[in-house]
Amino acid sequence: MSSDFESYEQDFAVLTAEITGRIGKVPKLVGDEKKQMVANVEKQLEEARELLEQMELEVREIPPQSRGMYSSRMRSYKQEMGKLEADFKRSRIAYSDEVRNELLGDDGNSSENQRAHLLDNTERLERSSRRLEAGYQIAVETEQIGQEMLENLSHDREKIQRARERLREADANLGKSSRILTGMLRRIIQNRILIVVLAVIIIFTTMMAIYFSVR
């Protein structure tokens, strides 16, 4: 399971390095080359998100006692992903302003105001994204805690079941011992009755012999 995670890590590292290089090239390109570069970066960012989702699934399959290290690495990868998306947004804003200026021929205060407004909106989106990311992380950690509690409860249940089995075995042994003792007591009583009967017969026979001998 960890080998799959490490394979995804390598793919993610290569992909993010390519994205970083292409984001840095966007402001330097013009025309169709810049449009193509923006489209390529968007596609690669989507691939990076899918890799993160696969890595997240792999982490959930790792046993709880070994999951902490991988969860920490996932947090750093998500932060790196957030930084890449923020850098790309800033690059796209600059790209959008440039296209707008080329179309409208407006390099004055209006463009600057729109740029400031877009930057402000971008910052708000980034703050919202960070809050969502924090909420998601809390949900993941809560789920992990819930899974650990369920596993502990499952172990406790197995212990209780084993204790019940031992109690049943002890009860069965006690029942068997009770039956053996009851049989032994019955045989002792039978032997005593037999002895009494034999004694009575002997006494009666002796008395009859004495009686006939006297006559």
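Residues meeting the side-chain contact (heavy atoms from CB on, under 4.5 Å) test with Lys28, sequence neighbours left out: none. Evaluation of the side chain to side chain donor-acceptor pair (under 3.5 Å) rule for Glu46 yields Arg49 as partners, not counting sequence neighbours. In this view, Gln36 and Asn40 satisfy the side-chain contact (heavy atoms from CB on, under 4.5 Å) rule, not counting sequence neighbours. Considering only residues two or more places apart in sequence or on other chains, Tyr77 meets the ring pair (Phe, Tyr, Trp, His ring centres under 6.0 Å) condition with Phe12. Arg166 meets the side-chain contact (heavy atoms from CB on, under 4.5 Å) test with Arg162, Ala163; sequence neighbours excluded. Applying the side chain to side chain donor-acceptor pair (under 3.5 Å) criterion to Glu50, with sequence neighbours excluded, gives no partner residue. For Lys43, there are no salt bridge (charged side-chain N to carboxylate O under 4.0 Å, His left out) partners at least two apart in sequence or on another chain. Under the rule for a side-chain contact (heavy atoms from CB on, under 4.5 Å), the partners of Ile201 that lie at least two apart in sequence or sit in another chain are Val197, Thr205. Taking Lys25 as the reference, nothing meets the side chain to side chain donor-acceptor pair (under 3.5 Å) condition, with sequence neighbours excluded. By the side chain to side chain donor-acceptor pair (under 3.5 Å) test, Ser71 is found to be paired with Gln144, residues two or more places apart in sequence or in another chain being considered.
Using a 4.5 Å heavy-atom cutoff, the side chains of Glu56 and Tyr70 are not in contact. Inter-residue side-chain proximity for Ile188 and Arg192 is flagged as met; some heavy-atom pair is nearer than 4.5 Å. The closest side-chain heavy-atom distance from Asp87 to Lys83 is below 4.5 Å. The side-chain heavy atoms of Met55 and Asp4, taken from C-beta on, include no pair separated by under 4.5 Å. The shortest distance between side-chain heavy atoms of Leu29 and Lys35 does not fall below 4.5 Å.
In this structure, CG in Leu84 is found 4.5 Å from OG1 in Thr20, a value given to the nearest 0.5 Å. Rounded to the nearest 0.5 angstrom, Ile62 CD1 and Leu57 CG are separated by 11.5 Å. In this structure, Lys89 NZ and Ser91 OG are separated by 13.0 Å, a value rounded to the nearest 0.5 Å. Atoms CD and CD1, from Glu42 and Ile19 in turn, are 11.5 Å apart once rounded to the nearest 0.5 Å. Atom CD1 in Ile160 sits 10.5 Å away from atom CD in Glu158 (nearest 0.5 Å).
In terms of heavy atoms, Glu80 sits closest to Thr16 at OE2-OG1, 3.4 Å. Between Arg67 and Val59, the shortest heavy-atom distance links the atoms NE-O, 3.4 Å. For the residue pair Leu45 and Met81, the shortest heavy atom distance occurs at O-CE, 3.3 Å. Residues Val26 and Lys34 approach most closely at O-CE, 2.8 Å, considering heavy atoms.
Listed for the Ser72 side chain is no donor-acceptor partner under 3.5 Å among the backbone atoms of Met69.
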Could you please spell out the steps behind the side chain to side chain contact (heavy atoms under 4.5 Å, CB included) verdict for Ile193 and Ile189? CA-CA 6 Å; Ile193 292 172; Ile189 294 172; 3.9 Å; yes

Could you go through Leu52 and Tyr8, starting from their C-alpha distance and side-chain angles, then the distance that decides it, and tell me whether this counts as side chain to side chain contact (heavy atoms under 4.5 Å, CB included)? CA-CA 8 Å; Leu52 282 179; Tyr8 289 135; over 6 Å; no

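Remark: Glu33 CD is loosely packed, at most 12 non-hydrogen atoms of other residues, nucleotides or ligands lying under 6.0 Å away.
Applying the salt bridge (Lys or Arg N to Asp or Glu O under 4.0 Å) rule to pairs touching residues 7-24 yields Glu9-Arg73, sequence neighbours excluded.
Grouped with Ile210 in one hydrophobic cluster are Val214, the linkage being side-chain heavy-atom contacts under 4.5 Å among Ile, Leu, Val, Met, Phe, Trp and Tyr residues.
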